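Notes follow the structure.
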Amino acid sequence: MRIPKTVARMNKVVTNPIQRQWAPRLAPWAMIDHVGRKSGKRYSIPVLAWVDGDQLSIVLTYGRETDWVRNVQAAGEFGITRKSRHSKVVRPRIIPSDSPDVAKGARVPARFFDSVLTGTIVDG
């Protein structure tokens, strides 16, 4: 399953600015910082991110073809602020939502979607 693009566009304008207020501080919310692969512009978006040890899992509710997912894959890394702590995530990769590599906390929401972005958290 995937959330429709019309919902994504509405969230970008309405919901995301509101979520930016708490996402960096209130887990499982987090802020992803990435750079546009074509524009070079810096972006910051709220996501739901689960951590299991040094592994991060983000359920791809809008699918694997969103700009931010393609940007972090092209860069091979991205920044994340979660629980008011900034870190770097390296080696982002997309895995099936039923993979055993999905963080434990993300397994239930992942059941409703096709893919999960995972990566390794390193001190930022």
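No experiment lies behind these values; they were computed from the predicted model shown.
- At a threshold of 4.5 Å between side-chain heavy atoms, the hydrophobic network of Ile, Leu, Val, Met, Phe, Trp and Tyr places Leu26 and Ile18 in one connected group.
- With sequence neighbours left out, Ile94 forms a side chain to side chain contact (heavy atoms under 4.5 Å, CB included) with Leu60, Arg64, Val69, Gln73, Ser115, Leu117.
- Met31 CE to His86 NE2: the interatomic distance, rounded to the nearest 0.5 Å, is 11.5 Å.
- For Ala75, the side chain to side chain contact (heavy atoms under 4.5 Å, CB included) test picks out no residue, with sequence neighbours left out.
- Residues that satisfy the side chain to side chain contact (heavy atoms under 4.5 Å, CB included) test with Lys41, not counting sequence neighbours, are Ser39, Tyr43.
- Interatomic distance, NE2 of His34 versus CH2 of Trp68, reported as 7.5 Å (0.5 Å rounding).
- Among residues two or more places apart in sequence or in another chain, the side chain to side chain contact (heavy atoms under 4.5 Å, CB included) test is passed with Ile95 by Arg93, Ser99, Asp101, Val102, Val116, Thr118.
- The same ILVMFWY cluster, assembled from side-chain heavy atoms under 4.5 Å apart, contains both Val59 and Leu48.
- Pairing each heavy atom of Pro28 with each of Arg82, the nearest pair is CA-NH2, 4.1 Å.
- Without hydrogens or angle criteria, Arg107 side chain to Pro100 main chain gives a donor-acceptor distance under 3.5 Å.
- No hydrogens or angles considered: a donor-acceptor pair under 3.5 Å links the side chains of Asp33 and Ser44.
- Residues that satisfy the side-chain hydrogen bond (donor to acceptor under 3.5 Å, both in side chains) test with Arg37, not counting sequence neighbours, are Asn71.
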Show me the donor-acceptor pairs within less than 3.5 Å that the side chains of residues 50-57 make with the rest of the protein, sequence neighbours left out.
unit_1	atom_1	unit_2	atom_2	d
Trp50	NE1	Gly105	O	3.4
Gln55	NE2	Thr120	OG1	3.1
Ser57	OG	Ala103	N	2.9

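- If you take OG1 on Thr61 and CG on Asp114, they are separated by 11.5 Å, rounding to the nearest 0.5 Å.
- Rounded to the nearest 0.5 Å, atoms CD1 (Ile80) and CD1 (Ile58) are 5.0 Å apart.
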